[in-house]
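Accompanying notes for the structure given below.
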Amino acid sequence: MASGKVVGFVGLDQLSVKMASSLISHGYALQAFEISDPTIEELLKLGGTRCSSPCEAGRDVAALVVLISHVDQIKDLIFGDEGVLKALKSDTVLILRSTILPSALHKLEKDLAEIHEIAYIVDAYVSHGRSDAMNGKVIIASSGRPDAIARARPLLSAMCEKLFTFDGEISGASKVKMVTELLEAIHFIASVEALSLGTKAGIHPWIIYDIISNAAGNSWVFKNNVPLLLKGEVKHHILKSLVKELEIILDMAKSLTFPLPLLAASHQQLIQGVSVSTVCCEDDDDGTALIKVWESIYGVKFSDAANADAYSPEKLASEITADSKSVKRVGFIGLGAMGFGMATHLLSSNFSVVGYDVYKPTLIRFANAGGLIGNSPAEVGKDVDVLIIMVTNEAQAESALYGEYGAVSVLPPGASVILSSTVSPAYVSQLERRLHNEGKNLKLVDAPVSGGVKRASMGTLTIMASGSNAALKDAGLVLAALSEKLYVIKDGCGSGSGIKMVNQLLAGVHIASAAEAMAFAARLGLNTRILFDYITISGGTSWMFENRVPHMLDNDYTPYSALDIFVKDMGIVTRESSSWKVPLHLSATAHQLYLSGSAAGWGRQDDAGVVKVYEALTGVRVEGKPQALKKDVVLHSLPPEWPQDPLPDIKRLNGISSKVLIVLDDDPTGTQTVHDIEVLTEWSIQSLIEQFRKSPKCFFILTNSRSLSSEKASALIREICRNLASAAKSVDNIDYTVVLRGDSTLRGHFPEEADAAISVLGEMDAWIICPFFLQGGRYTIEDIHYVADSDILLPAGDTEFAKDASFGYKSSNLRNWVEEKTGGRIPASAVESISIQLLRKGGPDAVCQHLCNLKKGSVCIVNSASERDMAVFALGMIKAELMKKRFLSRTAASFVSSRIGIISKPPILPKDLGIARERNGGLIVVGSYVPKTTKQVEELKLQCGHFLRSIEVSVEKLVMQPIEEREEEISKAAQLADVYLKSHKDTLILTSRNLITGKNASESLDINFKVSSALVEIVKRITTKPRYILAKGGITSSDLATKALGAKCAKIVGQALAGIPLWQLGTESRHPGVPYIVFPGNVGDSRALAEVVRSWTRPTRLSSIKDILNNAEKGGYAVGAFNVYNLEGVEAVVSAAEEEQSPAILQIHPGALKQGGIPLVACCISAAEQASVPITVHFDHGTSKQDLVEALELGFSSVMVDGSHLSFNENAAYTKFISSLAHSKDILVEAELGRLSGTEDDLTVEEYEAKLTDANLAHKFIDETGIDALAVCIGNVHGKYPASGPKLRLDLLKELHALSLKKGVFLVLHGASGLSKELVKECISLGVRKFNVNTEVRKAYMDSLITPKNDLVHVMASAKDAMKAVVAEKIHLFGSAGRA
């Protein structure tokens, strides 16, 4: 094992010395091999050790940095006799600082990995930062495979001020170097061209430098190299090295079939420079200044111009404005985006302004802003002191001044014209002469502007003005009012446009070069967002790069400055260069790129759209967003999962630890993956002490902090953490770990809650970020967080959740997300991560080692694509905690179940909780507004609308209308819900789907509170106890549980569906024991809500009579089948069954059906469906084929085919016919073999016609007919038994029971009325499972009518009570009481 605190170097330069110094400050020891004495001496002074060979430098080190400047060095430094391979361990990180081609790096990596088993190899491009903040500091771009980067990151971070990592494969850093050099080369040639054109136009080079270095045309190269160039401090010999570097890049582009026209043009300029320098500098021993070469090429005497007397344009402007005349009235032509801002700012500066624009709505806007308007340029030009022209081009300026209604003809004598449009210097010079020839002493100020729309409206533009002193003094106060920086350029009118032309040359080339660089980077496979961050602090940056590339990365071409403007402006550049005979190859190429973009139809889009030229030609996408991916393809591409199941070890280690996992849940949905755990909704110290005394492995505290403001959420977390600390001190041997459970789609108060927890709990070794949640389809792969949508993985930043009004974000890469949410306090480059490769190849021990090696206070992302990944991480984390490491985790739900070793169980159903037959309706409350919820509600109504009652609550009335309307809306919803729930109807209360948001996050949270509090009030006012409650949305479910239902503690019993927690409310709540389904707003597909409601609604179909009789067979009891004739009879049977918790059968005889008809059947079926115990409906004694066929269509659960009056063969055929029809409808069939004597419903069988069931024939009868139940004749009769009492053949019953068990049919005994209790019980013991009861119930009904009653309702009540008593008695006799 290599030493974790020793780093070796092979080859040193000045950057290496800086890296070494930084490592030492981080506590690392150093050893190095270098043949150059000066650099090794510097290392020794720092405390490093000198090595005699590369091999010695690589011995026992955690990392080895190898500097390779040429591919030929690889053989000696790495593979030679004293090369580093002789000493390297397999776990050493090899960091290659090289300038060799990516292909050579790939081959080297392959050889080292496959042949020499060196697993951790990264390449690093090390350079100096160039931004103001990073100037001169070491920055590193590194790349390699995820496991190598993960291992190297702490070391690389210790070497530099800023680290950029490009995951994927080695050579990314070399590619970053290529892109940076591409930009630097183009910017260098652009700077030379700009100086050439500007100087040729008569503008002092140092004036050009002073103005451009503070304008949009600036770049790092321009600002830092132009002074050296003008001073002659840059020598011509650098051209050859530049040419060589660019050849490498162009060769790479050629191999990729990728065009780099700007770089190619720059390369040709440099080649020409080499050619010229060979001639003009052959005797100068490389000492000739490079500026001499460019003078020869461009025909411009830079040196002479630079040495001419200079002046300060800003000072000159101050002098002129100090002596300027007052202006009474200003005319303004051209109220476009820039012009409107300028004109309205003049109004706010107390100028009287009259404006004109061809677009009439703009004139109305200007008038509304307080301006005067004219209907033509001529109307504007009357009586003005100063006329400003701010139009798009020369043609429009010409029309405004000299057109049919031009302003020149009406301008008063002595007026001044300020031309602020970007036009050519030649046009300005010509215009000045024409105005002079008008003979009215008209003066022209050439004053192009720069700065954009926002700065125009603020009066903070940069203005480059030129003209006569008289003209400048007349217009001075107006120019001063519009500008933050005002430059006055000498040498007459046209010089201002000359400076603007130079600025536009540079700006245009810089935008185009940014497009070329980013498109090339995309083709190279680099992460363009990370690259952008790198370039902005490197030598490749420019003002336009930093301003326009974000448009490219966001694929947003909203026109802040249209592409066609640069078609015009670069056209001015090329036209002027032709006029001045200055060859501008690079600028001309850039102009062609803009023309190509315009020709493709992108002219009116943002000028950053020039990148589309490259995208269209090559098929690349510069857009710096992770792309949507095929889920199956991605998951199958990952390495195999860690083979050993970590759960046994997790349970074992948790078992020996007294540490409690405390989950602070920012809404109730975090209980999505656990079961048999308690959740607290209040956190008093006493409540926490009680929890600790139970010695749980885990419990939840519902904070609901996501519904709070950031400040209140932070205060709440601090309060809970303080209470936890106090409670823990009161209980012996208690330690705990806090987890901040947050949203798996990255919404919530991060980092505020983490900061609040740390402020109480103390600094942690690391923050863990783990939003993986399998049940919700949330995966983190290569640090990018994805949300599954069917079979597609969408980057989280592209989902609806990222647009949340309160917690929105842009970044899908969790490193960038951390930087975004912390406002840059924690930069992306400082965020660590645990890769899927580490989890699946290294296992828990590798996780533990990685966590233990993290720098204290780090933030670490956990990648995960499966529950096994999560369990591997959890076990590694537990092991690290046993080594005294402390972590604060911000996670989704999956982490919690893995951390405590919970094994998932199937979804919980009503029958699992014993509420399957509860009668009241279930209550569904929907408050969530995410689009997913709205789709789920639509599907719920579609699938369940036939039994679901809906109440929509108007959000507008709750939030926007007077308090009286809010109260009325709340009251109406509560009253309706009560009615529906009491009517046994599942009831949906939902807020109207029109989303109302505030102007900011705080206002949106306030609106959410008003809506949520209204839902709380509605549920509070509902007096009926629901069968179950389902709350949709995190805030909604929390507020209902705590505020509406008064729950302080609940038990998490499991999930109603994957990812959907199910609680049982505690005894202190309004509805103790009621199931409470916490349905997150962001979980499940469009059908999930309907699926849960369907599984929890009361069954609307009849109970299965087969199940009822099967249970009776298993339990050794019988079920009563009671004949009913009216509503009172139906209610008597159901009411008695419910009170006695017994199954029962409602039985209709053909005579009763003839009188009661279909309404009687419907009444029975409805009562059975609404009953809280199993009730079925049976059609008895069907002697007519017609009656039975009709009965099969009426909804009966079972029918009796009575062919007992027929011969055996006729009976069998008759029964078989009906049996086949009934079984096709899943209806149970009972038949009779033998014949009972007696009378039932006017159907009489004489005693001489009666016959007992023949056991032998019963065998044959069952086989031939396929019946399910057999009504036997063993001496039983319908109606009353003779005075001598019943004479039952119990021996025959015993024989028939043996047969029934063999054949799988149930035995039925008709004529139970009049049997003694002893006989009934003996019949039950001998296998009778269904007793028909009619006579005694009828008698009770008839007897109740003898006593007169005052009202019909009293008659009904009396009859019902009388029958109910008989039914209850029989239920107890049959043994079915308590069996429901």
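Residues: numbered from 1 along the sequence shown.
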Between Tyr614 and Phe258, what is the ring plane arrangement, given parallel below 30°, perpendicular above 60°, and tilted in between?
parallel
What I want to find out is whether Glu181 reaches Lys177 closely enough, with some N-O distance under 4.0 Å, to be called a salt bridge.
yes
When you measure from the side chain of His267 to the backbone N and O of Leu263, does any donor-acceptor pair fall under 3.5 Å?
no
His551 and Asp606: CA distance, side-chain angles, deciding distance, side-chain hydrogen bond (donor to acceptor under 3.5 Å, both in side chains) verdict:
CA-CA 8 Å; His551 303 187; Asp606 191 76; 2.9 Å; yes
Output yes when a side-chain donor or acceptor of Ser421 lies under 3.5 Å from a complementary backbone atom of Val391, and no otherwise.
yes
Salt bridge Lys500-Asp569, side-chain N to carboxylate O under 4.0 Å:
no
If we ignore hydrogens and angles and just use 3.5 Å, is the side chain of Ser157 paired with the main-chain N or O of Arg153 as donor and acceptor?
yes
I need the Leu15 CG to Cys160 SG distance, nearest 0.5 Å.
11.0 Å
Heavy-atom check, side chain of Glu623 versus side chain of Leu553, under 4.5 Å
no
Step by step, would you call Ser578 with Thr574 a side-chain contact (heavy atoms from CB on, under 4.5 Å)?
CA-CA 6 Å; Ser578 176; Thr574 55; over 6 Å; no
Of all heavy-atom pairs between Pro583 and Gln269, which one has the smallest distance, and what is that distance?
O-NE2, 4.4 Å
Stepwise, does the side-chain contact (heavy atoms from CB on, under 4.5 Å) test hold for Met390 with Met342?
CA-CA 9 Å; Met390 189 59 192; Met342 293 166 68; 4.1 Å; yes
In a table with atom names and distances, give each donor-acceptor pair under 3.5 Å that connects a side chain of residues 122-134 to protein atoms at least two apart or in another chain.
residue	atom	partner	partner atom	Å
Asp123	OD1	Ser143	OG	2.2
Asp123	OD1	Ser171	N	3.3
Asp123	OD2	Ser171	N	3.4
Asp123	OD2	Ala173	N	3.4
Asp123	OD2	Ser174	N	3.2
Asp123	OD2	Ser174	OG	3.3
Ser127	OG	Tyr534	OH	3.0
His128	NE2	Lys18	NZ	3.2
Ser131	OG	Met134	N	3.1

Can you name the nearest heavy-atom pair linking Met570 to Gly508, along with the distance?
SD-CA, 4.0 Å
When rounded to the nearest 0.5 Å, the distance separating CG of Leu242 from CD of Glu247 is 11.0 Å
Any chance CZ of Arg575 has more than 12 other-residue heavy atoms, nucleotides or ligands included, within less than 6.0 Å?
yes
Test your reading of the model: is there a side-chain donor-acceptor pair from Glu819 to the backbone of Ala828, 3.5 Å cut-off?
yes
Are Val610 and Leu563 packed together at the side-chain level, in the sense that at least one heavy-atom pair is separated by less than 4.5 angstrom?
yes
Once salt bridge (Lys or Arg N to Asp or Glu O under 4.0 Å) is applied, what residue pairs with a partner in residues 536-553 remain, sequence neighbours excluded?
Arg548-Asp607
Distance from Met338 atom CE to Ser561 atom OG, nearest 0.5 Å?
9.0 Å
Atom CZ of Arg529 with >12 non-hydrogen neighbours under 6.0 angstrom:
yes
At what distance, to the nearest 0.5 angstrom, does CG of Asn813 lie from CG of Asn527?
7.0 Å
Are Val179 and Lys175 close enough that some pair of their side-chain heavy atoms sits under 4.5 Å apart?
no
Are Tyr298 and Leu195 side-chain neighbours, meaning at least one heavy-atom pair lies under 4.5 Å?
no
With a 3.5 Å distance limit and no angle check, can you tell me whether Ser241 reaches the backbone of Ile238 through a side-chain donor-acceptor pair?
yes
side-chain contact (heavy atoms from CB on, under 4.5 Å) between Leu524 and Leu256, intermediate numbers included:
CA-CA 8 Å; Leu524 290 170; Leu256 298 172; 3.6 Å; yes
Thr541 side-chain N/O to Ile537 backbone N/O, donor-acceptor pair under 3.5 Å
no
Residues Thr618, Arg523; criterion side-chain contact (heavy atoms from CB on, under 4.5 Å); working and verdict:
CA-CA 8 Å; Thr618 64; Arg523 182 65 182 86; 5.6 Å; no
Rounded to the nearest 0.5 Å, what's the gap from CD1 on Ile211 to CD1 on Ile499? Could you check?
4.0 Å
Between Glu576 and Leu197, is there a donor-acceptor pair closer than 3.5 Å when you use the side chain of the first and the backbone of the second?
no
Side-chain (Ser275) to main-chain (Ile271) donor-acceptor, under 3.5 angstrom:
no
Which pair of heavy atoms, one from Val234 and one from Leu229, lies closest together, and at what distance?
CG2-N, 3.9 Å
I'd like to check Ile186 versus Leu183 (side-chain heavy atoms, cut-off strictly below 4.5 Å). Are they in contact?
no
Given the rule in the ring-ring contact (aromatic ring centres under 6.0 Å, His included) test, do His591 and Phe566 qualify, once you have shown the distances and angles that lead to the verdict?
CA-CA 8 Å; His591 185 213; Phe566 272 105; over 10 Å; no
Quick check: does any side chain N or O of Gln396 sit under 3.5 Å from a backbone N or O of Thr392, one acting as donor and the other as acceptor?
yes
Should the ring pair Phe545 and Phe532 be called parallel, tilted or perpendicular, given that the plane angle runs from 0 to 90° and is split at 30 and 60?
parallel
With a cut-off of 6.0 Å (strictly less than), are more than 12 heavy atoms of other residues, nucleotides or ligands near NZ of Lys254?
no
Minimum heavy-atom separation for Leu586 to Ser266, with atom names?
CD1-OG, 3.7 Å
Just do the side-chain hydrogen bond (donor to acceptor under 3.5 Å, both in side chains) check on Ser497 and Asp446 with the steps written out, would you?
CA-CA 7 Å; Ser497 287; Asp446 171 27; 2.6 Å; yes
Spatial distance of atom OH (Tyr487) from atom CD1 (Ile207) [nearest 0.5 Å]:
10.0 Å
Is the shortest side-chain heavy-atom distance between Asn393 and Val423 below 4.5 Å?
no
Just so I know, are the side chains of Val453 and Phe340 near enough to count as touching, which here means a heavy-atom distance under 4.5 Å?
no
Are the side chain of Ser598 and the backbone N or O of Leu595 linked by a donor-acceptor pair below 3.5 Å?
no
Yes or no on side-chain hydrogen bond (donor to acceptor under 3.5 Å, both in side chains) for Ser424 and Glu394, after CA distance, side-chain angles and deciding distance?
CA-CA 8 Å; Ser424 66; Glu394 294 173 7; 2.9 Å; yes
Does any non-hydrogen side-chain atom of Glu161 lie less than 4.5 Å from one of Val138?
no
Note: Leu101 and Ile248 closest approach over all heavy atoms is CD2-CG2, 3.2 Å
Phe222/Tyr209 aromatic ring centres below 6.0 Å:
yes
What residues, two or more places apart in sequence or in another chain, satisfy side chain to side chain contact (heavy atoms under 4.5 Å, CB included) together with Thr199?
Pro205, Ile208, Val300, Phe302, Ala305
Between the side chains of Glu484 and Arg455, is the shortest nitrogen-to-carboxylate-oxygen separation below 4.0 Å, so that they form an ion pair?
yes
